[in-house]
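Take a look at the structure below.
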There are 2 protein chains.
Amino acid sequence: MDIQLPHFDSVFSTDCVIFGFEAGELKVLLIERNEEPYQGWYALPGNIVGLEESVDNAAARILYELTGLRDIHMRQFHTFGEVNRHPQGRVVTVGYFALIRIGGQKEVAPLTHFARKAFWHPVNDLPKLAFDHTEIFQRAFKKIRVKMNYEPIAFELLPEKFTLTQLQNLYEAVLNKKLDKRNFRKKMLSYGFLKELMEKQKGVSYRAAKLYKFDRRKYQKIFQTELAAQGAVAS
Amino acid sequence: MDIQLPHFDSVFSTDCVIFGFEAGELKVLLIERNEEPYQGWYALPGNIVGLEESVDNAAARILYELTGLRDIHMRQFHTFGEVNRHPQGRVVTVGYFALIRIGGQKEVAPLTHFARKAFWHPVNDLPKLAFDHTEIFQRAFKKIRVKMNYEPIAFELLPEKFTLTQLQNLYEAVLNKKLDKRNFRKKMLSYGFLKELMEKQKGVSYRAAKLYKFDRRKYQKIFQTELAAQGAVAS
DNA sequence: ATTTAATGTGTAAAATATACACACTATCTT
DNA sequence: AAGATAGTGTGTATATTTTACACATTAAAT
(Lines give C-alpha, C1' and ligand atoms only; values in the text may rest on other atoms or scores of the structure.)
Protein backbone atom coordinates (compact mmCIF):
# COMPACT_ATOMS: atom_id res chain seq x y z
CA MET A 1 0.00 0.00 0.00
CA ASP A 2 2.35 2.70 -1.17
CA ILE A 3 -0.22 5.10 -2.49
CA GLN A 4 0.78 8.68 -1.77
CA LEU A 5 -2.12 10.31 0.01
CA PRO A 6 -2.49 14.08 0.17
CA HIS A 7 -1.38 15.70 3.40
CA PHE A 8 -3.72 17.96 5.38
CA ASP A 9 -2.12 20.86 7.18
CA SER A 10 -5.15 21.84 9.12
CA VAL A 11 -8.69 20.88 8.27
CA PHE A 12 -11.87 20.11 10.10
CA SER A 13 -14.28 17.34 9.46
CA THR A 14 -17.53 16.11 10.90
CA ASP A 15 -18.55 12.62 11.91
CA CYS A 16 -22.16 11.64 12.45
CA VAL A 17 -23.43 9.05 14.90
CA ILE A 18 -26.92 8.20 13.70
CA PHE A 19 -29.00 5.99 15.95
CA GLY A 20 -31.99 3.95 14.93
CA PHE A 21 -34.22 1.40 16.60
CA GLU A 22 -35.22 -1.79 14.87
CA ALA A 23 -36.28 -5.24 16.00
CA GLY A 24 -36.04 -4.20 19.62
CA GLU A 25 -32.42 -3.21 19.23
CA LEU A 26 -30.61 0.09 19.15
CA LYS A 27 -28.56 0.44 15.99
CA VAL A 28 -26.03 2.84 14.53
CA LEU A 29 -25.53 3.79 10.91
CA LEU A 30 -22.14 2.83 9.50
CA ILE A 31 -20.56 3.05 6.09
CA GLU A 32 -18.00 0.83 4.49
CA ARG A 33 -15.19 3.06 3.27
CA ASN A 34 -14.22 2.86 -0.38
CA GLU A 35 -11.12 5.05 -0.15
CA GLU A 36 -7.81 5.16 1.57
CA PRO A 37 -7.01 5.42 4.36
CA TYR A 38 -8.95 2.61 6.00
CA GLN A 39 -10.40 1.43 2.70
CA GLY A 40 -12.80 -1.44 3.32
CA TRP A 41 -13.19 -0.55 7.01
CA TYR A 42 -16.41 0.34 8.67
CA ALA A 43 -16.66 3.92 9.81
CA LEU A 44 -19.08 6.57 10.93
CA PRO A 45 -20.33 8.72 8.07
CA GLY A 46 -18.06 11.74 8.01
CA ASN A 47 -15.88 13.90 5.80
CA ILE A 48 -14.06 17.18 5.40
CA VAL A 49 -15.92 20.46 5.98
CA GLY A 50 -15.83 22.87 3.04
CA LEU A 51 -14.51 26.40 3.43
CA GLU A 52 -17.77 27.98 2.37
CA GLU A 53 -20.15 26.04 4.58
CA SER A 54 -20.78 26.08 8.30
CA VAL A 55 -19.83 22.99 10.24
CA ASP A 56 -23.51 22.33 10.98
CA ASN A 57 -24.37 22.46 7.29
CA ALA A 58 -21.41 20.31 6.38
CA ALA A 59 -22.59 17.63 8.77
CA ALA A 60 -25.98 17.56 7.06
CA ARG A 61 -24.50 17.55 3.57
CA ILE A 62 -21.98 14.83 4.29
CA LEU A 63 -24.58 12.63 5.90
CA TYR A 64 -26.74 13.01 2.83
CA GLU A 65 -23.96 12.17 0.41
CA LEU A 66 -22.85 9.13 2.32
CA THR A 67 -26.19 7.68 3.26
CA GLY A 68 -29.00 9.41 1.36
CA LEU A 69 -30.50 10.66 4.62
CA ARG A 70 -31.82 14.21 4.63
CA ASP A 71 -33.53 16.64 6.97
CA ILE A 72 -32.23 14.89 10.02
CA HIS A 73 -32.10 16.87 13.23
CA MET A 74 -28.44 16.57 14.22
CA ARG A 75 -26.90 17.85 17.38
CA GLN A 76 -23.27 18.51 18.08
CA PHE A 77 -21.90 16.61 21.05
CA HIS A 78 -18.11 16.84 21.14
CA THR A 79 -15.07 17.87 19.15
CA PHE A 80 -12.11 15.54 18.87
CA GLY A 81 -8.85 17.40 18.61
CA GLU A 82 -6.00 14.98 19.25
CA VAL A 83 -2.95 15.46 17.08
CA ASN A 84 -2.68 12.00 15.58
CA ARG A 85 -6.23 10.99 15.04
CA HIS A 86 -5.91 11.07 11.24
CA PRO A 87 -3.00 9.51 9.31
CA GLN A 88 -3.01 12.16 6.59
CA GLY A 89 -2.38 15.11 8.84
CA ARG A 90 -4.09 17.37 11.24
CA VAL A 91 -7.83 16.83 11.18
CA VAL A 92 -10.02 18.04 14.00
CA THR A 93 -13.47 16.51 13.83
CA VAL A 94 -16.76 17.76 15.19
CA GLY A 95 -19.08 14.97 16.29
CA TYR A 96 -22.84 15.07 15.71
CA PHE A 97 -25.52 12.64 16.71
CA ALA A 98 -29.09 12.11 15.59
CA LEU A 99 -31.92 9.73 16.31
CA ILE A 100 -34.16 8.65 13.47
CA ARG A 101 -36.92 6.24 12.58
CA ILE A 102 -35.37 3.46 10.58
CA GLY A 103 -38.52 2.61 8.66
CA GLY A 104 -39.58 6.20 8.13
CA GLN A 105 -36.93 6.97 5.54
CA LYS A 106 -36.17 5.37 2.24
CA GLU A 107 -33.45 2.79 2.53
CA VAL A 108 -30.03 4.19 3.23
CA ALA A 109 -27.57 4.12 0.34
CA PRO A 110 -24.49 6.20 -0.44
CA LEU A 111 -24.69 8.78 -3.24
CA THR A 112 -20.94 9.00 -3.79
CA HIS A 113 -18.30 6.44 -4.53
CA PHE A 114 -16.64 7.42 -1.28
CA ALA A 115 -18.71 4.92 0.67
CA ARG A 116 -19.27 1.43 -0.67
CA LYS A 117 -22.43 0.94 1.33
CA ALA A 118 -24.34 2.31 4.30
CA PHE A 119 -26.04 -0.01 6.77
CA TRP A 120 -27.43 -0.32 10.27
CA HIS A 121 -25.45 -2.19 12.89
CA PRO A 122 -26.50 -3.06 16.44
CA VAL A 123 -24.70 -0.89 18.97
CA ASN A 124 -23.77 -3.88 21.03
CA ASP A 125 -21.06 -5.91 19.40
CA LEU A 126 -19.74 -3.18 17.08
CA PRO A 127 -16.70 -4.10 14.98
CA LYS A 128 -13.54 -2.08 15.22
CA LEU A 129 -14.07 1.17 13.35
CA ALA A 130 -11.75 3.33 11.24
CA PHE A 131 -9.77 6.20 12.80
CA ASP A 132 -10.92 6.96 16.37
CA HIS A 133 -14.53 6.34 15.45
CA THR A 134 -15.03 3.76 18.16
CA GLU A 135 -14.27 6.42 20.73
CA ILE A 136 -16.50 8.93 18.95
CA PHE A 137 -19.33 6.45 18.91
CA GLN A 138 -18.90 5.62 22.59
CA ARG A 139 -19.09 9.23 23.54
CA ALA A 140 -22.27 9.77 21.53
CA PHE A 141 -23.85 6.68 23.00
CA LYS A 142 -23.14 7.82 26.52
CA LYS A 143 -24.59 11.21 25.65
CA ILE A 144 -27.91 9.87 24.45
CA ARG A 145 -28.24 7.54 27.42
CA VAL A 146 -27.93 10.48 29.75
CA LYS A 147 -30.08 12.74 27.61
CA MET A 148 -32.89 10.25 27.39
CA ASN A 149 -33.51 10.75 31.09
CA TYR A 150 -34.52 14.35 30.76
CA GLU A 151 -35.44 15.00 27.14
CA PRO A 152 -37.96 13.31 24.92
CA ILE A 153 -35.45 12.13 22.36
CA ALA A 154 -36.77 8.58 22.45
CA PHE A 155 -39.71 9.55 20.26
CA GLU A 156 -37.42 10.41 17.38
CA LEU A 157 -36.55 6.73 17.14
CA LEU A 158 -40.09 5.37 17.04
CA PRO A 159 -42.65 5.40 14.26
CA GLU A 160 -45.13 8.23 14.52
CA LYS A 161 -47.70 5.96 16.11
CA PHE A 162 -46.43 3.61 18.75
CA THR A 163 -47.61 1.59 21.71
CA LEU A 164 -46.53 2.15 25.26
CA THR A 165 -44.84 -1.21 25.27
CA GLN A 166 -42.75 -0.23 22.27
CA LEU A 167 -41.77 2.94 24.04
CA GLN A 168 -40.81 1.02 27.12
CA ASN A 169 -38.79 -1.48 25.11
CA LEU A 170 -36.86 1.38 23.61
CA TYR A 171 -36.07 2.88 26.98
CA GLU A 172 -35.00 -0.48 28.23
CA ALA A 173 -32.76 -1.04 25.22
CA VAL A 174 -31.05 2.33 25.51
CA LEU A 175 -30.74 2.39 29.27
CA ASN A 176 -29.92 -1.29 29.36
CA LYS A 177 -32.22 -1.90 32.29
CA LYS A 178 -35.63 -3.37 33.04
CA LEU A 179 -38.40 -0.94 33.93
CA ASP A 180 -41.66 -1.56 35.77
CA LYS A 181 -44.58 -1.51 33.35
CA ARG A 182 -47.12 0.19 35.56
CA ASN A 183 -44.76 2.82 36.85
CA PHE A 184 -43.36 3.50 33.41
CA ARG A 185 -46.82 4.07 31.94
CA LYS A 186 -47.99 6.16 34.85
CA LYS A 187 -44.99 8.42 34.58
CA MET A 188 -44.98 8.78 30.79
CA LEU A 189 -48.67 9.59 30.72
CA SER A 190 -48.31 12.02 33.61
CA TYR A 191 -46.07 14.22 31.48
CA GLY A 192 -49.09 14.97 29.36
CA PHE A 193 -47.33 15.04 26.01
CA LEU A 194 -48.48 11.63 24.81
CA LYS A 195 -51.63 11.80 22.78
CA GLU A 196 -53.81 8.72 22.86
CA LEU A 197 -55.12 7.88 19.42
CA MET A 198 -58.43 6.24 18.56
CA GLU A 199 -56.50 3.55 16.75
CA LYS A 200 -55.12 0.22 17.79
CA GLN A 201 -52.15 -1.81 16.76
CA LYS A 202 -52.82 -4.13 13.79
CA GLY A 203 -51.56 -7.52 12.74
CA VAL A 204 -50.62 -8.96 16.09
CA SER A 205 -51.85 -12.32 17.22
CA TYR A 206 -52.87 -11.12 20.68
CA ARG A 207 -54.83 -8.30 22.20
CA ALA A 208 -53.96 -5.18 20.22
CA ALA A 209 -52.50 -2.25 22.13
CA LYS A 210 -53.60 1.36 21.90
CA LEU A 211 -51.50 3.63 19.75
CA TYR A 212 -50.10 6.93 20.96
CA LYS A 213 -48.21 9.73 19.39
CA PHE A 214 -45.81 12.29 20.78
CA ASP A 215 -47.34 15.76 20.87
CA ARG A 216 -44.38 18.06 20.40
CA ARG A 217 -46.43 21.23 20.82
CA LYS A 218 -47.67 20.14 24.21
CA TYR A 219 -44.21 19.03 25.17
CA GLN A 220 -42.76 22.40 24.35
CA LYS A 221 -45.38 24.18 26.38
CA ILE A 222 -44.61 21.99 29.38
CA PHE A 223 -40.88 22.13 28.87
CA GLN A 224 -40.79 25.91 28.61
CA THR A 225 -42.59 26.43 31.88
CA GLU A 226 -40.27 23.90 33.46
CA LEU A 227 -37.26 25.74 32.14
CA ALA A 228 -38.51 28.90 33.76
CA ALA A 229 -39.02 27.11 37.05
CA GLN A 230 -35.85 25.13 36.66
CA GLY A 231 -32.60 25.37 38.53
CA ALA A 232 -33.60 23.96 41.88
CA VAL A 233 -31.01 22.53 44.20
CA ALA A 234 -33.25 23.14 47.12
CA SER A 235 -36.27 25.36 47.25
CA MET B 1 -7.51 51.06 9.33
CA ASP B 2 -6.04 49.70 6.13
CA ILE B 3 -3.66 47.23 7.67
CA GLN B 4 -3.43 44.07 5.59
CA LEU B 5 -4.13 41.15 7.90
CA PRO B 6 -3.11 37.62 7.01
CA HIS B 7 -5.86 35.40 5.63
CA PHE B 8 -6.66 32.04 7.20
CA ASP B 9 -7.77 29.31 4.86
CA SER B 10 -8.77 26.90 7.52
CA VAL B 11 -7.63 26.99 11.11
CA PHE B 12 -9.05 26.14 14.49
CA SER B 13 -8.84 28.14 17.63
CA THR B 14 -10.00 27.79 21.20
CA ASP B 15 -11.79 30.30 23.37
CA CYS B 16 -11.98 29.94 27.13
CA VAL B 17 -14.82 31.06 29.35
CA ILE B 18 -13.35 31.19 32.84
CA PHE B 19 -15.76 31.83 35.68
CA GLY B 20 -14.89 33.12 39.12
CA PHE B 21 -16.83 34.18 42.17
CA GLU B 22 -15.95 37.32 44.06
CA ALA B 23 -17.84 39.73 46.27
CA GLY B 24 -20.99 37.69 45.95
CA GLU B 25 -20.94 37.98 42.17
CA LEU B 26 -20.22 35.58 39.38
CA LYS B 27 -17.48 36.91 37.11
CA VAL B 28 -15.85 35.98 33.85
CA LEU B 29 -12.26 36.48 32.81
CA LEU B 30 -11.77 38.82 29.84
CA ILE B 31 -8.78 40.20 28.06
CA GLU B 32 -8.36 43.47 26.28
CA ARG B 33 -7.05 42.70 22.81
CA ASN B 34 -3.86 44.38 21.73
CA GLU B 35 -3.95 43.26 18.09
CA GLU B 36 -6.12 43.57 15.06
CA PRO B 37 -8.81 42.63 14.42
CA TYR B 38 -10.84 44.05 17.28
CA GLN B 39 -7.82 45.78 18.81
CA GLY B 40 -8.83 47.43 22.06
CA TRP B 41 -11.97 45.32 22.39
CA TYR B 42 -12.72 43.02 25.24
CA ALA B 43 -12.69 39.34 24.37
CA LEU B 44 -12.55 35.88 25.82
CA PRO B 45 -9.01 34.54 26.09
CA GLY B 46 -8.45 32.51 22.94
CA ASN B 47 -6.12 31.95 20.03
CA ILE B 48 -5.11 29.67 17.20
CA VAL B 49 -4.35 26.01 17.88
CA GLY B 50 -0.90 24.86 16.79
CA LEU B 51 -0.47 21.93 14.40
CA GLU B 52 1.54 19.93 16.88
CA GLU B 53 -0.69 20.24 19.90
CA SER B 54 -4.07 18.78 20.73
CA VAL B 55 -6.96 21.18 21.01
CA ASP B 56 -7.22 20.45 24.74
CA ASN B 57 -3.58 21.31 25.26
CA ALA B 58 -3.85 24.39 23.12
CA ALA B 59 -6.69 25.66 25.29
CA ALA B 60 -4.52 25.29 28.39
CA ARG B 61 -1.49 26.89 26.75
CA ILE B 62 -3.41 29.83 25.36
CA LEU B 63 -5.13 30.50 28.64
CA TYR B 64 -1.74 30.53 30.33
CA GLU B 65 -0.19 32.91 27.83
CA LEU B 66 -3.07 35.33 27.93
CA THR B 67 -3.82 35.34 31.62
CA GLY B 68 -1.04 33.60 33.54
CA LEU B 69 -3.49 30.96 34.78
CA ARG B 70 -2.23 27.39 34.83
CA ASP B 71 -3.41 23.93 35.78
CA ILE B 72 -7.02 24.85 35.35
CA HIS B 73 -9.48 22.06 34.76
CA MET B 74 -11.12 23.08 31.50
CA ARG B 75 -14.01 21.34 29.85
CA GLN B 76 -15.07 21.58 26.26
CA PHE B 77 -18.65 22.69 25.81
CA HIS B 78 -19.31 23.58 22.17
CA THR B 79 -17.65 24.20 18.83
CA PHE B 80 -18.59 27.26 16.80
CA GLY B 81 -18.36 26.64 13.11
CA GLU B 82 -20.16 29.42 11.28
CA VAL B 83 -18.50 30.60 8.11
CA ASN B 84 -18.18 34.28 8.91
CA ARG B 85 -17.34 34.32 12.56
CA HIS B 86 -13.80 35.64 11.96
CA PRO B 87 -12.97 38.52 9.62
CA GLN B 88 -9.62 37.05 8.55
CA GLY B 89 -10.99 33.86 7.14
CA ARG B 90 -12.28 30.51 8.15
CA VAL B 91 -11.73 29.91 11.84
CA VAL B 92 -13.64 27.26 13.70
CA THR B 93 -13.33 27.67 17.44
CA VAL B 94 -13.68 25.13 20.20
CA GLY B 95 -15.14 26.58 23.40
CA TYR B 96 -13.93 25.57 26.85
CA PHE B 97 -15.12 26.64 30.25
CA ALA B 98 -13.61 26.43 33.70
CA LEU B 99 -14.51 27.49 37.21
CA ILE B 100 -11.78 28.74 39.49
CA ARG B 101 -11.16 30.38 42.83
CA ILE B 102 -10.37 33.99 42.17
CA GLY B 103 -8.31 34.46 45.30
CA GLY B 104 -6.55 31.10 45.04
CA GLN B 105 -4.34 32.05 42.11
CA LYS B 106 -1.82 34.78 41.71
CA GLU B 107 -3.28 37.81 40.02
CA VAL B 108 -4.14 37.35 36.38
CA ALA B 109 -1.84 39.10 33.91
CA PRO B 110 -1.05 38.39 30.27
CA LEU B 111 2.38 36.95 29.41
CA THR B 112 2.31 38.04 25.77
CA HIS B 113 1.81 41.38 24.10
CA PHE B 114 -1.26 39.91 22.40
CA ALA B 115 -3.47 40.88 25.32
CA ARG B 116 -3.14 44.28 26.93
CA LYS B 117 -4.63 43.12 30.18
CA ALA B 118 -6.68 40.36 31.74
CA PHE B 119 -9.38 41.09 34.28
CA TRP B 120 -12.53 39.81 35.93
CA HIS B 121 -15.87 41.19 34.86
CA PRO B 122 -19.30 40.50 36.39
CA VAL B 123 -21.34 38.25 34.14
CA ASN B 124 -24.31 40.52 34.39
CA ASP B 125 -23.84 43.67 32.40
CA LEU B 126 -21.07 42.39 30.12
CA PRO B 127 -19.88 44.80 27.43
CA LYS B 128 -20.06 43.84 23.78
CA LEU B 129 -17.27 41.39 23.06
CA ALA B 130 -15.06 40.83 20.03
CA PHE B 131 -16.03 38.32 17.32
CA ASP B 132 -18.96 36.14 18.38
CA HIS B 133 -17.64 35.93 21.93
CA THR B 134 -20.87 37.19 23.43
CA GLU B 135 -22.64 34.17 22.01
CA ILE B 136 -19.86 31.86 23.15
CA PHE B 137 -20.06 33.28 26.63
CA GLN B 138 -23.85 32.92 26.76
CA ARG B 139 -23.64 29.32 25.80
CA ALA B 140 -21.05 28.57 28.47
CA PHE B 141 -23.08 30.40 31.09
CA LYS B 142 -26.17 28.41 30.28
CA LYS B 143 -24.11 25.23 30.46
CA ILE B 144 -22.81 25.85 33.95
CA ARG B 145 -26.23 26.87 35.23
CA VAL B 146 -27.61 23.55 34.12
CA LYS B 147 -24.57 21.60 35.25
CA MET B 148 -24.63 23.08 38.70
CA ASN B 149 -27.86 21.23 39.36
CA TYR B 150 -26.33 17.81 39.11
CA GLU B 151 -22.57 18.16 39.49
CA PRO B 152 -20.55 19.68 42.31
CA ILE B 153 -18.91 22.28 40.16
CA ALA B 154 -19.81 25.05 42.59
CA PHE B 155 -16.96 24.05 44.87
CA GLU B 156 -14.39 24.90 42.24
CA LEU B 157 -15.40 28.53 42.62
CA LEU B 158 -15.10 28.75 46.39
CA PRO B 159 -12.03 28.92 48.61
CA GLU B 160 -11.03 25.57 50.03
CA LYS B 161 -12.73 26.35 53.31
CA PHE B 162 -16.12 27.95 53.09
CA THR B 163 -19.30 28.46 55.06
CA LEU B 164 -22.66 27.08 54.10
CA THR B 165 -23.93 30.59 53.62
CA GLN B 166 -21.18 31.29 51.10
CA LEU B 167 -22.09 28.14 49.27
CA GLN B 168 -25.72 29.11 49.22
CA ASN B 169 -24.90 32.61 47.99
CA LEU B 170 -22.98 31.10 45.12
CA TYR B 171 -25.86 28.87 44.12
CA GLU B 172 -28.20 31.78 44.32
CA ALA B 173 -25.91 33.93 42.18
CA VAL B 174 -25.49 31.32 39.48
CA LEU B 175 -29.08 30.11 39.43
CA ASN B 176 -30.36 33.63 39.90
CA LYS B 177 -32.91 32.52 42.45
CA LYS B 178 -33.45 32.62 46.21
CA LEU B 179 -33.11 29.34 48.08
CA ASP B 180 -34.45 28.34 51.48
CA LYS B 181 -31.66 28.25 54.04
CA ARG B 182 -32.81 25.27 56.03
CA ASN B 183 -33.67 23.14 53.04
CA PHE B 184 -30.46 24.07 51.26
CA ARG B 185 -28.34 23.04 54.22
CA LYS B 186 -30.27 19.87 54.85
CA LYS B 187 -29.85 18.79 51.26
CA MET B 188 -26.20 19.75 50.87
CA LEU B 189 -25.26 17.97 54.07
CA SER B 190 -27.33 14.93 53.14
CA TYR B 191 -25.07 14.31 50.13
CA GLY B 192 -22.34 13.45 52.57
CA PHE B 193 -19.48 15.02 50.66
CA LEU B 194 -19.12 18.14 52.78
CA LYS B 195 -16.61 17.77 55.56
CA GLU B 196 -17.25 19.87 58.62
CA LEU B 197 -14.00 21.41 59.89
CA MET B 198 -13.12 22.21 63.48
CA GLU B 199 -12.54 25.77 62.42
CA LYS B 200 -14.74 28.82 62.29
CA GLN B 201 -14.88 31.83 60.09
CA LYS B 202 -12.61 34.71 61.28
CA GLY B 203 -12.82 38.47 61.13
CA VAL B 204 -16.56 38.90 60.97
CA SER B 205 -18.40 41.21 63.34
CA TYR B 206 -21.12 38.72 64.12
CA ARG B 207 -21.41 35.12 65.16
CA ALA B 208 -18.77 33.21 63.18
CA ALA B 209 -19.97 30.36 60.96
CA LYS B 210 -18.52 26.86 60.79
CA LEU B 211 -16.19 26.15 57.91
CA TYR B 212 -16.61 23.18 55.58
CA LYS B 213 -14.64 21.71 52.77
CA PHE B 214 -15.61 19.65 49.76
CA ASP B 215 -14.42 16.07 50.06
CA ARG B 216 -13.81 15.03 46.48
CA ARG B 217 -12.93 11.46 47.39
CA LYS B 218 -16.22 10.95 49.15
CA TYR B 219 -18.06 12.63 46.33
CA GLN B 220 -16.56 10.30 43.78
CA LYS B 221 -17.51 7.26 45.80
CA ILE B 222 -21.09 8.46 46.00
CA PHE B 223 -21.18 9.58 42.40
CA GLN B 224 -19.89 6.30 41.05
CA THR B 225 -22.50 4.23 42.80
CA GLU B 226 -25.10 6.65 41.56
CA LEU B 227 -23.85 6.31 38.02
CA ALA B 228 -24.20 2.56 38.26
CA ALA B 229 -27.75 2.92 39.53
CA GLN B 230 -28.47 5.81 37.18
CA GLY B 231 -30.64 5.96 34.13
CA ALA B 232 -34.07 5.72 35.70
CA VAL B 233 -37.07 7.10 33.92
CA ALA B 234 -39.31 4.93 35.98
CA SER B 235 -38.27 2.05 38.14
C1' DA C 1 -64.02 -23.80 23.76
C1' DT C 2 -59.49 -23.55 25.12
C1' DT C 3 -54.88 -21.88 24.85
C1' DT C 4 -51.66 -18.26 24.13
C1' DA C 5 -49.51 -13.92 24.53
C1' DA C 6 -49.61 -9.59 25.60
C1' DT C 7 -52.54 -5.40 27.35
C1' DG C 8 -54.22 -2.49 30.95
C1' DT C 9 -54.99 -1.13 35.53
C1' DG C 10 -54.60 0.58 41.53
C1' DT C 11 -52.92 0.95 46.00
C1' DA C 12 -50.09 1.16 49.96
C1' DA C 13 -45.56 2.32 51.79
C1' DA C 14 -41.30 4.82 51.52
C1' DA C 15 -38.58 8.53 50.22
C1' DT C 16 -38.06 13.17 49.01
C1' DA C 17 -39.26 18.01 48.71
C1' DT C 18 -41.35 22.00 50.52
C1' DA C 19 -42.92 25.64 53.66
C1' DC C 20 -42.00 28.02 57.51
C1' DA C 21 -39.82 31.09 62.53
C1' DC C 22 -37.09 31.83 66.29
C1' DA C 23 -33.42 31.28 69.76
C1' DC C 24 -28.40 31.73 69.68
C1' DT C 25 -23.84 33.98 69.54
C1' DA C 26 -20.07 37.07 68.53
C1' DT C 27 -18.96 41.65 67.87
C1' DC C 28 -19.82 46.52 68.04
C1' DT C 29 -21.63 50.71 70.22
C1' DT C 30 -22.49 53.68 73.88
C1' DA D 1 -21.67 46.19 81.02
C1' DA D 2 -26.06 46.63 78.63
C1' DG D 3 -28.16 46.75 74.60
C1' DA D 4 -28.12 46.81 69.55
C1' DT D 5 -26.72 44.50 65.35
C1' DA D 6 -26.16 40.96 62.02
C1' DG D 7 -25.94 36.66 60.67
C1' DT D 8 -25.80 31.47 62.33
C1' DG D 9 -28.07 27.22 63.22
C1' DT D 10 -31.84 24.27 63.84
C1' DG D 11 -37.06 20.86 63.44
C1' DT D 12 -41.49 19.57 62.10
C1' DA D 13 -45.59 18.89 59.60
C1' DT D 14 -47.45 18.49 54.94
C1' DA D 15 -47.37 17.55 50.11
C1' DT D 16 -45.37 15.30 46.32
C1' DT D 17 -42.97 11.76 44.08
C1' DT D 18 -41.18 7.24 43.73
C1' DT D 19 -41.31 2.53 44.39
C1' DA D 20 -43.00 -2.23 44.79
C1' DC D 21 -46.13 -5.38 43.42
C1' DA D 22 -50.42 -9.12 40.73
C1' DC D 23 -54.31 -10.21 38.20
C1' DA D 24 -58.38 -9.73 35.21
C1' DT D 25 -58.97 -8.59 30.25
C1' DT D 26 -58.69 -9.09 25.28
C1' DA D 27 -57.85 -10.78 20.53
C1' DA D 28 -56.19 -14.21 17.79
C1' DA D 29 -54.88 -19.02 16.92
C1' DT D 30 -55.85 -23.75 17.51
Side-chain angles (χ1 to χ4, degrees), chain A residues 23-24 148-150 158-159 161-173 175 177-213 222-223 225-226 228-235, chain B residues 23-24 148-150 158-159 161-173 175 177-213 222-223 225-226 228-235:
Chain A
M148 187 154 294
N149 284 305
Y150 60 91
L158 289 175
K161 302 170 179 184
F162 51 85
T163 70
L164 292 179
T165 301
Q166 284 164 0
L167 184 61
Q168 183 176 345
N169 288 343
L170 170 55
Y171 270 90
E172 289 180 344
L175 302 177
K177 171 180 180 173
K178 279 270 158 224
L179 303 175
D180 176 84
K181 182 160 65 156
R182 276 179 291 190
N183 291 339
F184 179 81
R185 283 163 180 242
K186 206 187 315 174
K187 183 145 185 183
M188 276 297 159
L189 293 173
S190 78
Y191 290 138
F193 52 59
L194 290 186
K195 188 170 175 185
E196 184 178 336
L197 301 176
M198 295 292 85
E199 264 173 285
K200 295 208 163 177
Q201 209 176 14
K202 288 224 170 73
V204 289
S205 74
Y206 47 81
R207 177 179 180 182
K210 280 184 208 150
L211 290 171
Y212 289 81
K213 70 180 211 189
I222 297 163
F223 191 61
T225 54
E226 253 178 39
Q230 192 207 48
V233 167
S235 88
Chain B
M148 188 154 295
N149 284 305
Y150 59 92
L158 290 175
K161 302 170 181 184
F162 51 85
T163 70
L164 292 178
T165 301
Q166 283 163 358
L167 183 61
Q168 183 176 345
N169 288 342
L170 170 55
Y171 270 90
E172 289 180 343
L175 302 177
K177 171 180 180 175
K178 278 269 155 222
L179 303 175
D180 177 84
K181 182 161 64 158
R182 275 178 292 189
N183 292 339
F184 179 82
R185 284 164 181 241
K186 208 188 312 175
K187 181 146 187 184
M188 276 297 158
L189 292 174
S190 80
Y191 290 137
F193 53 59
L194 290 186
K195 186 168 177 188
E196 185 178 336
L197 301 176
M198 294 292 87
E199 264 173 284
K200 295 209 161 180
Q201 209 176 15
K202 287 229 169 71
V204 290
S205 75
Y206 47 81
R207 178 179 178 181
K210 279 185 208 150
L211 290 171
Y212 289 80
K213 69 180 213 189
I222 297 163
F223 191 61
T225 55
E226 253 178 39
Q230 192 209 46
V233 167
S235 89

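Not measured: the values here are computed from a predicted model. Protein chains get the first letters and strands the later ones, always in sequence-line order, with residue 1 at the start of each.
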Practice item. Work out which heavy atom in B/Met148 is nearest to a heavy atom in B/Tyr171; give both atom names and the distance. Key: CG-CE2, 3.4 Å
Study note, to complete from the structure: Once base and sugar-phosphate atoms are separated, protein heavy atoms under 4.0 Å mark nucleotides 7-12 of chain C, 5' to 3', with B, S and - as BBBBB-
Review point. Rounded to whole angstroms, how far apart are NZ on A/Lys187 and P on D/dT16?
Key: 16 Å
Review point. What pairs of residues pass the side-chain hydrogen bond (donor to acceptor under 3.5 Å, both in side chains) test when at least one of them lies in residues 197-211 of chain A, not counting sequence neighbours?
Key: A/Lys161-A/Glu199, A/Glu196-A/Lys210
Exercise for review: Using the test side chain to side chain donor-acceptor pair (under 3.5 Å), find all partners of A/Gln166 that sit at least two apart in sequence or belong to another chain.
Suggested key: none
Exercise for review: Start with the C-alpha distance between A/Thr165 and A/Phe184, add both sets of side-chain angles, then the distance that settles side chain to side chain contact (heavy atoms under 4.5 Å, CB included), and finish with yes or no.
Suggested key: CA-CA 10 Å; A/Thr165 301; A/Phe184 179 81; over 6 Å; no
Review point. Under 4.5 Å between any side-chain heavy atoms of B/Asp180 and B/Gln168, yes or no?
Key: no
Exercise for review: Specify the separation, in whole Å, of atom CE of B/Met188 and atom P of C/dT18.
Suggested key: 13 Å
Point to revise | Residue list, ring pair (Phe, Tyr, Trp, His ring centres under 6.0 Å) with B/Tyr212, at least two apart or on another chain | key: none
Check your understanding: Atom CZ of A/Phe184 and atom P of D/dT19: how far apart are they, to the nearest Å?
Key -> 14 Å
Check your understanding: How close or far is atom C1' of D/dG11 from atom CG of B/Leu189, stated in whole angstroms?
Key -> 14 Å
Review point. Expressed in angstrom and rounded to an integer, what is the separation of A/Lys178 atom NZ from D/dT19 atom P?
Key: 17 Å
